[in-house]
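We name chains A, B, ... by the order of the sequence lines, and we start the count at 1 in each one. Hydrogens, waters and symmetry mates are skipped; everything else that's a heavy atom, side chains included, is used.
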2 protein chains.
Amino acid sequence: MSSAYDPAAYLPFAVTVDLVVLTLRDGELQVLLVERGAEPWRGRWALPGGFVRPDEGLDAAAARELVEETGVRDVPGHLEQLASYGDPDRDPRMRVVSVAYLALAPDLPEPHAGTDAARAAWVPVAEAQRRPLAFDHARVLADGVERARAKLEYSPLAAAFCGEEFTVADLRRVYEAVWGRRLDPRNFHRKLTGVPGLLVDTGRTRAEGRGRPATLYRRGSVTTLHPPITRD
Amino acid sequence: MSSAYDPAAYLPFAVTVDLVVLTLRDGELQVLLVERGAEPWRGRWALPGGFVRPDEGLDAAAARELVEETGVRDVPGHLEQLASYGDPDRDPRMRVVSVAYLALAPDLPEPHAGTDAARAAWVPVAEAQRRPLAFDHARVLADGVERARAKLEYSPLAAAFCGEEFTVADLRRVYEAVWGRRLDPRNFHRKLTGVPGLLVDTGRTRAEGRGRPATLYRRGSVTTLHPPITRD
DNA sequence: TCAATAGTGTCTGTAAGACAGTATTGT
DNA sequence: ACAATACTGTCTTACAGACACTATTGA
């Protein structure tokens, strides 16, 4: 740093946040995508996101974009930073560094297109990964899905896909959708109820069509699953 | 995005990379720190780092800074992105987003101070975490150390702290230093040699003072430890 | 009564942790 | 010989996965 210090010389970057918003719809893992209404990549599907404002922190920008893009005032669930992407040529307009966030949310209403988007929609992850996405969003999406898969193993994050109260079967369906494999309901039940502090019994039950009603639980206080739920 | 599009309106950010460089010295986990030679935080210890250049990717910037700050041409070991930090007031000069990287390296020579630094030194992590660090580097350091601790559980990254060839005891000393607890040498040996593809026997041994010489291994091709080394 | 889902018990194999014992070196 | 470190074998306990069985509901 020279003594004749010029801050403007170090300000050649734009910073955006991009969101990988995952949810469970129709028993399937889905991701929120927007169809771009402007160049570059006009007409392509992309992850929702936008520029970080000059006086706004990264987490705050991600939370704001999440509200704007889903149209839901207080999005329940989970929001965490994923990674940053800053290849010099990832945006033809200018030098952009994108800080990606991963959001896990319960089933939300159909999104409405924002200012920059022609359309917005929930898309099954498997299909989204087949589509050509704008920018480097295919990689961001892959990183987000992999993070979600890994975190289910050792964290109680499956509950972020559910409402305030949920059954063990709800959690199992989350695992099955995210991991793409069936789990034994009986072993899963014994395992989850065996982790101390993970599930708080509400004392009530919920009937799901036929069959014995299931106990309703709320999230407990544990932050780490010991032992983990493995996905070998 | 308006039709009268002005890229300059979105360019109020500087982007830096900060490095958490961890190594093993004297059987202790140590981190590379520099003493700042300029304002702000002149005289404070900080993580090494610097501005990302206009035509340089984030990973490339981190790799370049790692070489510059350690003084080693090709730093062996491991380099991965950690997280990004962008609170609006984290740097009083201007709006800075810092992309932090975690580097794990074998014992390297004493560093020399770079252009911006008064001094550079390896500091035991426990001591570094007691010192007041510049910017939000205390949090970055804590995040980096925690990432390293977690990754040892399920990845073969301990070898990144060692040279090309190493013994099982070398790896055990890495785990013991990073986790801050003793491991049973016998169970550790059986566990590590039991992971298929993790260790490649060189056929040679290395004598370490007294005692039976240990087999020398090279890194195998596995990227995930199954089963993991737990740190309950 | 039957089908469907919730939840429990029981068995088997695998692996973790504790630790006795053997192998191979320097002093 | 002895101390020190490398490595192997064995025991106990815990948990994963498979699956039989009981419990409670709607049709």
Requested in this report: Send over the distance from B/H189 NE2 to C/dA18 P, rounded to a whole Å.
Outcome: 18 Å

**Report entry** B/R186 vs A/A169, nearer the 5' end of DNA chain C by closest nucleotide
**Finding:** A/A169

Query raised in the report: Base, sugar-phosphate, or nothing for A/T193, non-hydrogen atoms under 4.0 angstrom?
Result: nothing

Requested in this report: Could you tell me whether A/T215 contacts a base, only the sugar-phosphate backbone, or nothing, with contacts defined as non-hydrogen atoms closer than 4.0 Å?
Outcome: sugar-phosphate

Query raised in the report: How many Å lie between OH on A/Y154 and C1' on D/dC15, as a whole number?
Result: 21 Å

**Report entry** Distance in angstrom units between B/L199 CG and D/dA6 C1', rounded
**Finding:** 14 Å

Report summary line: Against the side chain of A/R172, the closest entry in C/dA6, D/dA6, C/dG9 is C/dA6

Query - For DNA chain D, stems built from three or more consecutive Watson-Crick or G-U wobble pairs below 3.5 Å - result: C:1-27 with D:1-27

**Report entry** Length of the CD-C1' vector between B/E208 and C/dT25, whole Å
**Finding:** 12 Å

Query raised in the report: Which word best sums up how the rings of A/H137 and A/F135 line up, parallel for under 30°, tilted for 30 to 60°, or perpendicular for over 60°?
Result: tilted

Query raised in the report: Does atom CD of B/Q129 have more than 12 heavy-atom neighbours from other groups under 6.0 Å away?
Result: yes

Report task. Go through A/T70 and A/L66 one step at a time and tell me if the side chain to side chain contact (heavy atoms under 4.5 Å, CB included) criterion holds. Result -> CA-CA 6 Å; A/T70 60; A/L66 182 58; 3.9 Å; yes

Query - Annotated protein contacts, base or backbone, on nucleotides 22-27 of chain D with a non-hydrogen cut-off under 4.0 Å, one of B, S, - each - result: -BBBS-

Query raised in the report: Taking CZ from A/R206 and P from C/dT5, how many angstroms apart are they, rounded to a whole number?
Result: 14 Å

Query raised in the report: Side chains of B/Y85 and B/D18: donor-acceptor distance under 3.5 Å anywhere?
Result: no

Query raised in the report: Should B/R206 and B/D170 count as an ion pair when the cut-off is N to O under 4.0 Å?
Result: yes

Query raised in the report: Would you call B/R231 and B/E146 a salt bridge, taking side-chain N to carboxylate O under 4.0 Å as the test?
Result: yes

Query raised in the report: Atom CZ of A/F188 and atom C1' of D/dC19: how far apart are they, to the nearest Å?
Result: 18 Å

Report task. Specify the separation, in whole Å, of atom NZ of A/K191 and atom P of D/dA16. Result -> 3 Å

Requested in this report: Taking only the side-chain heavy atoms of B/A214 (C-beta and beyond), determine which of C/dA6, D/dA6, C/dA16 contains the nearest atom.
Outcome: D/dA6

**Report entry** Heavy-atom donor-acceptor pair, A/R190 side-chain to D/dA16 base, under 3.5 Å
**Finding:** no

Query raised in the report: Given atom CG of B/L171 and atom P of D/dC7, what is their separation to the nearest angstrom?
Result: 12 Å

Query raised in the report: How would you label the contact of A/T167 with the nucleic acid (heavy atoms, under 4.0 Å): base, sugar-phosphate, or nothing?
Result: nothing

